[in-house]
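Chain A is the first sequence line, chain B the second, and so forth, proteins listed ahead of strands; every chain is numbered from 1.
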Amino acid sequence: MSEESIAAAAIRWFDANARDLPWRHPQAGAWAILVSEVMLQQTPVVRVLPAYEAWLARWPTPAALAADEPGEAIRMWGRLGYPRRALRLHECATAIAERHNGVVPDDLDALLALPGVGAYTARAVAAFAYRQRQPVVDTNVRRFVARAVAGAADGGHTTRPSDLTATAALLPDEPAVAARASAAFMELGAVVCVARTPRCTICPIVDRCAWRAAGRPALDGPSRRPQTYAGTDRQVRGLLLAVLREAVEPVPRIRLDVVWPEPTQRDRALRGLIDDGLVDPLPGDLFALPRG
DNA sequence: GAGTCGTGGCA
DNA sequence: TTGCCAAGACT
């Protein structure tokens with residue numbers, strides 16, 4: 001017998017060390033997993049946990065969410081960030097209710113066709129909810145595979161086709177085992193093979209890691225863009241939407257004006273929110289979350 | 001393909 | 001203190 005595969009070692013480690021997260025419980029269905037995956041896009045686990053519980057308690061099925069107003073989805077999103085995800089999740093629920101009889105599809109192409117569901121989320125649902133053999137590649141897996149296999153310092157900004165190929169090559173043949181391996185890779189990337197200070201001493205595949213073998217070379221290319229948050233349109237959009245989330249009634253423009261002193265940027269931000277469908281302009285210079 | 005899109009915690 | 005980072009999608 002040859003030495004244990006990376007996937008086998010990762011799964012063994014995962015069996016003993018996986019965090020107890022609600023979307024990993026056996027009773028978490030495809031809808032719950034889909035909700036968790038969308039919430040987790042660019043958002044830390046600890047911030048998702050309470051929002052996830054509240055969301056599913058209110059909308060336990062896609063049909064339940066689809067029957068409610070999109071503005072309520074935006075309101076429930078709270079401060080998770082990137083509120084367009086809430087709107088897309090509502091559109092997604094509507095599509096599932098109308099096109100899939102209220103059942104989250106298990107077909108990859110059908111998943112990819114859903115609003116807000118991209119290459120990562122579609123494969124995550126296929127693997128974690130339906131136990132399919134799919135390369136589930138997020139930033140954690142990209143980094144883990146880049147280091148372990150290619151010996152690179154990180155996995156790059158975006159997922160390329162080669163990333164899917166490289167990850168798929170690590171997956172065992174049996175679909176359910178492959179799905180388990182995908183979860184294990186993600187967990188390793190999230191808690192062991194982390195970006196800043198990887199914990200190689202507790203890594204189950206350190207003896208096979210190409211990056212470790214190469215002496216953990218530093219990242220050579222240019223770092224990511226600066227893009228500070230303070231003063232950006234994103235901050236202004238966030239301030240504007242926060243007012244509308246807290247308001248029960250439509251809000252007059254004056255209450256939005258006070259959140260940002262510079263009128264040009266403020267108007268641009270508000271127009272952007274309206275264009276995105278996150279805010280409805282109403283007669284009388286009033287504004288509200290969309291009702292339908 | 002590069003830009004845009006929130007928010008908060010932490011080294 | 002502040003830049004970096006966190007289970008991406010879309011244009």
Side-chain angles (χ1 to χ4, degrees), chain A residues 18-19 21-24 28 32-52 74 77-89 91-92 111-129 134-145 153-161 163-164 167 179 182-191 193-199 219 222-242 244-245 259 268-269 271-273 275-279:
Chain A
R19 290 169 293 177
L21 301 174
W23 43 87
R24 290 175 176 166
I33 290 172
L34 173 57
V35 169
S36 78
E37 293 299 343
V38 174
M39 286 185 170
L40 287 162
Q41 291 168 5
Q42 304 286 284
T43 307
V45 166
V46 290
R47 206 177 311 161
V48 166
L49 286 171
Y52 167 87
I74 297 168
W77 201 252
R79 305 188 67 79
L80 280 182
Y82 294 141
R84 289 189 295 196
R85 289 183 293 167
L87 195 55
R88 298 229 175 88
L89 195 47
E91 297 170 1
C92 183
L111 286 165
L112 286 167
L114 296 172
V117 176
Y120 162 75
T121 303
R123 288 176 176 80
V125 171
F128 303 146
Q134 297 281 355
V136 183
V137 181
D138 72 330
T139 184
N140 292 312
V141 174
R142 263 201 325 276
R143 183 175 54 246
F144 172 72
V145 174
D154 77 10
H157 302 31
T158 61
T159 296
R160 302 160 177 279
D163 295 319
L164 296 182
T167 302
S182 290
F185 293 163
M186 287 187 63
E187 188 78 345
L188 277 172
V191 307
C193 195
V194 295
R196 293 183 191 176
T197 52
R199 308 164 65 191
L219 187 60
S223 62
R224 307 191 180 196
R225 65 182 181 284
Q227 183 70 354
T228 57
Y229 180 62
T232 61
D233 284 7
R234 293 158 85 164
Q235 183 188 20
V236 181
R237 286 167 59 107
L239 293 170
L240 292 171
L241 203 59
L244 297 178
R245 271 202 314 265
V259 306
R268 184 174 64 238
R271 198 175 324 118
L273 289 169
D275 289 344
D276 288 345
L278 291 166
V279 172

Requested in this report: Check whether the side chain of A:Arg47 and the base of B:dT7 form a donor-acceptor pair under 3.5 Å.
Outcome: yes

Query raised in the report: Checking all strands, does A:Trp23 fall into the base, sugar-phosphate, or nothing category for heavy-atom contacts under 4.0 angstrom?
Result: base

Query raised in the report: Is any side-chain N or O of A:Gln42 closer than 4.0 Å to OP1 or OP2 of C:dG8?
Result: yes

Query raised in the report: Taking atom CD of A:Glu187 and atom CZ of A:Arg24, what is their separation to the nearest 0.5 Å?
Result: 4.0 Å

Query raised in the report: Taking the side chain of A:Tyr82 as heavy atoms from C-beta outward, which of C:dA7, B:dG6, B:dT7 is closest to it?
Result: B:dG6

Requested in this report: For A:Gly81, report the nucleic acid contact type (base, sugar-phosphate, nothing); a contact means any heavy atom under 4.0 Å.
Outcome: base

Query raised in the report: Where the side chain of A:Arg19 is defined as all heavy atoms beyond and including C-beta, which of C:dA9, C:dA7, B:dG6 is the nearest nucleotide?
Result: C:dA7

Requested in this report: Give the nucleotide from the list C:dA6, B:dG6, C:dA7 with an atom nearest to the side chain of A:Pro83.
Outcome: B:dG6

Query raised in the report: For A:Thr43 and B:dG6, is the shortest distance between a side-chain N/O and OP1 or OP2 below 4.0 Å?
Result: no

Query raised in the report: Does A:Leu34 reach the side chain of A:Val117, with side-chain heavy atoms less than 4.5 Å apart?
Result: yes

Query - Euclidean distance for P, C:dT2 against B:dC5 (whole angstrom) - result: 24 Å

Query - Interatomic distance at P, B:dT4 relative to C:dA7, whole Å - result: 23 Å

Requested in this report: Remember a base hit wins even if backbone is also touched, and classify A:Ala195 as base, sugar-phosphate or nothing at under 4.0 Å, heavy atoms.
Outcome: sugar-phosphate

Query raised in the report: For A:Tyr120 and C:dA9, what is the distance between atoms OH and P respectively, to the nearest whole Å?
Result: 8 Å

Query raised in the report: Between A:Thr158 and A:Gln41, who's closer to the 5' end of DNA chain B by nearest nucleotide?
Result: A:Thr158

Query - Heavy-atom side-chain proximity of A:Pro22 to A:Leu49 below 4.5 angstrom - result: yes

**Report entry** Between C:dG8 (P) and A:Leu112 (CG): distance, integer Å
**Finding:** 16 Å

Query - Nucleotide nearest A:Pro44 when distance is taken to its side chain, options C:dA7, C:dA6, C:dG3 - result: C:dA6

Query raised in the report: If we only count heavy atoms from C-beta on, is the A:Thr43 to A:Met39 side-chain gap below 4.5 Å?
Result: no

Requested in this report: Under 4.0 Å between any heavy atoms, over every strand shown, what does A:Val117 touch: base, sugar-phosphate, or nothing? Just pick one.
Outcome: sugar-phosphate

Query raised in the report: Just checking A:Leu241: base, sugar-phosphate only, or nothing, at a heavy-atom cut-off of under 4.0 Å?
Result: nothing

Query raised in the report: Picking from C:dG8, B:dC10, B:dG6, which would you name as closest to the side chain of A:Arg196?
Result: B:dC10

Requested in this report: Whole angstrom is fine here: how far is it from CG in A:Leu89 over to P in C:dA9?
Outcome: 13 Å

Query raised in the report: When you match A:Pro115 and A:Met186 each to their closest nucleotide on DNA chain C, which lands nearer the 5' end?
Result: A:Met186

Query raised in the report: In whole Å, what separates the C1' atom of C:dA6 from that of B:dG1?
Result: 23 Å

**Report entry** N or O in side chain of A:Arg143 less than 4.0 angstrom from C:dA6 OP1/OP2
**Finding:** yes

**Report entry** Separation of C:dA7 P from A:Arg85 CZ (nearest whole Å)
**Finding:** 12 Å

Requested in this report: Decide yes or no, distance alone: a donor-acceptor N/O pair under 3.5 angstrom between the base of C:dC10 and the side-chain of A:Arg84.
Outcome: no

Query raised in the report: Quick one: does A:Tyr120's side chain get under 4.5 Å of A:Val136's, heavy atoms only?
Result: yes

Query raised in the report: Roughly, in whole Å, what's the span from NE2 in A:His157 to P in B:dA2?
Result: 9 Å

Query raised in the report: In whole Å, what is the span from the CE atom of A:Met39 to the C1' atom of C:dA7?
Result: 13 Å

Requested in this report: Look at all strands and tell whether A:Ile33 reaches a base, only sugar-phosphate, or nothing, counting heavy atoms closer than 4.0 Å.
Outcome: nothing

Query raised in the report: Once you round it to whole Å, what is the distance between C1' of B:dG3 and CG of A:Asp233?
Result: 12 Å

Requested in this report: Have a look at A:Arg79 and say if it touches a base, only the backbone sugar-phosphate, or nothing, with a 4.0 Å heavy-atom cut-off.
Outcome: sugar-phosphate

Requested in this report: Measure from the side-chain heavy atoms of A:Thr121 and tell me the nearest of C:dA7, C:dA6, C:dA9.
Outcome: C:dA9

Requested in this report: Please name all residues satisfying salt bridge (Lys or Arg N to Asp or Glu O under 4.0 Å) with A:Asp233, sequence neighbours left out, ordered by chain then number.
Outcome: A:Arg268

Query raised in the report: Under 3.5 Å, is there a donor-acceptor pair between the A:Gln134 and A:Ser182 side chains?
Result: no

Query raised in the report: With respect to the phosphate group of B:dG6, does any side-chain polar atom (N or O) of A:Arg237 fall under 4.0 Å of OP1 or OP2?
Result: yes

Requested in this report: In whole angstrom, give the distance that lies between atom CH2 of A:Trp77 and atom C1' of C:dA9.
Outcome: 12 Å

